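Heads up, the thing below is written out as structure tokens.
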Amino acid sequence: MTRSLVLLPGDGIGPEVVAAADVVLQAVCRRFDHRIDTRRYPMGGAALRAGLTVYPDETRAACLEGVPVLLGAVGDPAFDHLPRDQKIETGLLALRSSMGVYANLRPARAWEGLEDATPFKPQRTAGTDLIIVRELLGGLYFGEPRGIAADGRSAFNTMRYSEDEVVRVARVAFALARGRSRRLLSVDKANVLETSQLWRRVVTALAADYPDVSLEHQYVDAFAMNLALNPTRYDVVLTENLFGDILSDEAGAVCGSLGLLPSASLGNGGALYEPVHGSAPTLAGRDVANPVGAIGSLALVFRHSWHGEEEARAIEAALARTIRDGHRTADLVSGRQTATSCSQFARLVAERV
Ligand code: IPM
Ligand code: MN
């Protein structure tokens, strides 16, 4: 069977972690006898440096073909001064919104063998296996009006959600919970925000369609604490865009490093996969990045875009074995442990696929 994957290596460590995922992809193709052609397109600072826009037309056209897209990372301090409409982050938001990917799945698991990497108490984090379902196309990231007052002395953003925006992402979370432990936690700030009051009302009403799923609500401040205190209590966690952004970084720390977290952004048709970490410019070009998030994102491509549960599990099992065998990148070493490079780590995973 022949399939295509669009690769957007992007900036900083993006090209290195995408190359690592590609090494693992080739191993999967050999083992399962697949043919998958990959095409690379410019995105972010890399596109700006090539004299293109931050989300060039040819990249957009490729991303809208209905083929899954794997993004490394975007972000480049050299372009931080640009006005908002030309900023790299704006390009990333344009990518997500053009693809219509409103449900961002961010699984976070505490890998066996990395118990000492978490800054939290390992006996509390061991066994963590949760998925944050982050709404990705609404809230403060996209709400209008927004801006900086003419005198530059005040600024404003708009947090806005419609019922439909809540329903569509909540359905993804309920369906996911059905396939897991049948527990769903919805995180909001309904004691203060009207958007959260609407969120809670809509999610609660929708629960009637999923009588087999037990629904709980928590305020975001309480959940931020509970995620640190008791991460194993949670399974599927549904929340709005900014809360999900913040909580997924915290989940990364719970597991030992943000570099470990993959993500899948799903919508009607299109699917965008990206590790949760950023471009980490200070690590770029040194072969020290952690490719687990990118390789894990490749597993999610198989799971969510290609009905490839078997391949997804093979990749995740190879990651688990590589980690259990004691290999870890620089972000995870402490004391006398030695770090494995990004490219070497990818080869070790590929051997185990
Ligand atoms: C993420 C990132 C992005 C976000 C930034 C780079 C715009 O932090 O994917 O979590 O806030 O969504
Ligand atoms: Mn983030």
Side-chain angles (χ1 to χ4, degrees), residues 8-15 17-18 21 43-48 54-55 63 69-108 130-143 146 157-159 161 165 169 187 220 223-224 227 237-255 257-267 270-284 289-290 292-294 296-297 300 331:
L8 309 179
D11 304 322
I13 59 172
V17 299
V18 166
M43 181 72 198
L48 293 176
V54 62
Y55 179 27
C63 293
V69 178
L70 176 64
L71 169 74
V74 290
D76 182 336
F79 299 107
D80 278 350
H81 64 279
L82 290 175
R84 186 170 66 83
D85 60 318
Q86 294 163 42
K87 274 178 85 73
I88 291 175
E89 289 75 10
T90 306
L92 176 60
L93 299 191
L95 168 66
R96 291 170 176 171
S97 85
S98 68
M99 292 185 69
V101 288
Y102 53 79
N104 178 214
L105 278 46
R106 297 189 155 184
L130 56 87
I131 299 195
I132 295 174
V133 180
R134 169 189 178 194
E135 197 292 324
L136 201 59
L137 298 183
L140 285 165
Y141 278 63
F142 291 92
R146 62 188 293 164
N157 289 93
T158 300
M159 191 179 216
Y161 272 104
E165 285 174 298
V169 70
V187 172
V220 62
F223 178 66
L227 177 59
V237 179
L238 167 67
T239 194
E240 68 88 42
N241 203 344
L242 182 65
F243 297 164
D245 178 46
I246 297 167
L247 293 170
S248 55
D249 273 35
E250 185 184 343
V254 165
C255 297
S257 169
L258 193 54
L260 296 166
L261 268 49
S263 89
S265 302
L266 310 174
L272 170 65
Y273 299 85
E274 40 176 327
V276 174
H277 65 70
S279 60
T282 59
L283 305 181
N290 186 342
V292 174
S297 298
L300 298 180
D331 52 320

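What you see is a predicted model; the values in this text were computed from it and never measured. Read the numbers this way: they start at 1 and go in the same order the structure lists the ligands and their atoms.
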Study note, to complete from the structure: Hits for salt bridge (Lys or Arg N to Asp or Glu O under 4.0 Å) against D76, two or more places apart or cross-chain, chain-then-number order -> R49
Study note, to complete from the structure: Heavy-atom closest pair (Y141 atom, R146 atom, distance to 0.1 Å) is O-NH1, 2.8 Å
Solution key, residues 88-96 side-chain donor-acceptor pairs under 3.5 Å, sequence neighbours excluded:
residue, atom, partner, partner atom, Å
T90, OG1, R84, O, 2.5
R96, NE, E274, OE2, 3.2
R96, NH2, E274, OE2, 3.2

May I ask you to decide if [Y]'s main-chain N or O and [X]'s side chain share a donor-acceptor pair within less than 3.5 Å?
X: N104; Y: E135; value: no
X: D11; Y: G45; value: yes
X: S279; Y: G12; value: no

From [atom1] ([X]) to [atom2] ([Y]), nearest 0.5 Å:
X: I246; Y: F223; atom1: CD1; atom2: CZ; value: 12.5 Å
X: S97; Y: L136; atom1: OG; atom2: CG; value: 9.5 Å
X: R106; Y: I131; atom1: CZ; atom2: CD1; value: 12.5 Å

Revision key, fill the gap. Using heavy atoms and a strict 4.0 Å limit, residues surrounding ligand 1 turn out to be E89, L92, R96, R106, R134, Y141, D245
Exercise for review: Quick one: name the protein N/O/S atoms under 2.8 Å from the Mn ion (ligand 2), chain by chain.
Suggested key: D245 OD1
